[in-house]
Amino acid sequence: MKNEEIFGVLIKDARKNKSLSQEKLAEKTGLDRTFISSIETGKKIPTLTSICKLAKGLDMKASELLKLYEEKVAEYGEDST
């Protein structure tokens with residue numbers, strides 16, 4: 001699994017654990033719903049600014065979000081790219 005797909009799975013899981021729709025997360029972050037969808041499917045790679053907005057919208061620190069990402073990478077295995 002590619003790193004951007006791993007991050008997408010993480011965002012989708014975190015969003016669902018908070019019982020948020022993509023639309024609601026978009027409202028909370030100021031990001032477009034289609035952009036959030038593209039992140040969740042691994043089609044887009046978010047910038048640092050977007051990662052910080054996503055973390056805040058998910059009621060966590062960016063560092064917590066990145067720590068969860070590192071754990072997922074360890075679980076799925078690192079991308080060769």
Side-chain angles (χ1 to χ4, degrees):
M1 184 177 280
K2 293 182 178 180
N3 288 335
E4 54 269 22
E5 293 171 325
I6 293 170
F7 189 77
V9 167
L10 168 68
I11 295 298
K12 186 175 185 176
D13 288 349
R15 176 179 61 77
K16 287 187 171 191
N17 285 340
K18 300 281 185 176
S19 299
L20 294 171
S21 65
Q22 287 180 346
E23 292 82 8
K24 193 56 139 176
L25 183 57
E27 287 175 24
K28 290 181 76 170
T29 61
L31 299 171
D32 191 84
R33 188 213 52 86
T34 59
F35 181 62
I36 292 171
S37 175
S38 294
I39 291 170
E40 289 185 354
T41 58
K43 294 179 178 140
K44 296 273 186 181
I45 301 170
T47 63
L48 179 57
T49 300
S50 296
I51 290 170
C52 290
K53 287 180 179 183
L54 287 165
K56 188 173 182 179
L58 294 166
D59 299 319
M60 59 176 54
K61 295 178 182 179
S63 60
E64 294 172 317
L65 185 60
L66 293 174
K67 182 165 177 37
L68 289 173
Y69 167 73
E70 289 177 338
E71 292 169 2
K72 286 275 189 199
V73 167
E75 181 182 332
Y76 287 107
E78 286 206 47
D79 182 12
S80 59
T81 58

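Being a predicted model, the structure only gives us computed values, none of them experimental.
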Separation between CD1 of Ile36 and OG1 of Thr29, rounded to the nearest 0.5 Å: 4.0 Å
Who pairs with Ser50 by side-chain hydrogen bond (donor to acceptor under 3.5 Å, both in side chains), at least two apart in sequence or on another chain? Thr47
Could you pull out the closest heavy-atom pair between Gly42 and Glu4, with the gap in Å? O-CG, 3.3 Å
Would you please name every residue forming a side chain to side chain contact (heavy atoms under 4.5 Å, CB included) with Glu71, sequence neighbours left out? Lys67, Leu68
Once rounded to the nearest 0.5 Å, what's the spacing between atom CD of Glu5 and atom CG of Leu10? 13.5 Å
Can you give each donor-acceptor pair under 3.5 Å made by side-chain atoms of residues 53-60, sequence neighbours left out, with the distance rounded to 0.1 Å?
none

Who are the side-chain hydrogen bond (donor to acceptor under 3.5 Å, both in side chains) partners of Glu23, not counting sequence neighbours? Ser21
Inter-residue atom distance Gln22.CD - Leu20.CG, 0.5 Å rounding: 11.0 Å
Same apolar cluster: Phe35 and Ile45, side chain cutoff 4.5 Å: no
Please list all pairs meeting salt bridge (Lys or Arg N to Asp or Glu O under 4.0 Å) that have one or both residues in residues 9-18, counting only residues at least two apart or in different chains. Asp13-Lys72, Arg15-Glu40
Under the side-chain hydrogen bond (donor to acceptor under 3.5 Å, both in side chains) test, residues paired with Thr34 that sit two or more places apart: Asp32
Could you go through the side chain to side chain contact (heavy atoms under 4.5 Å, CB included) check for Tyr69 and Leu65 one step at a time? CA-CA 6 Å; Tyr69 167 73; Leu65 185 60; over 6 Å; no
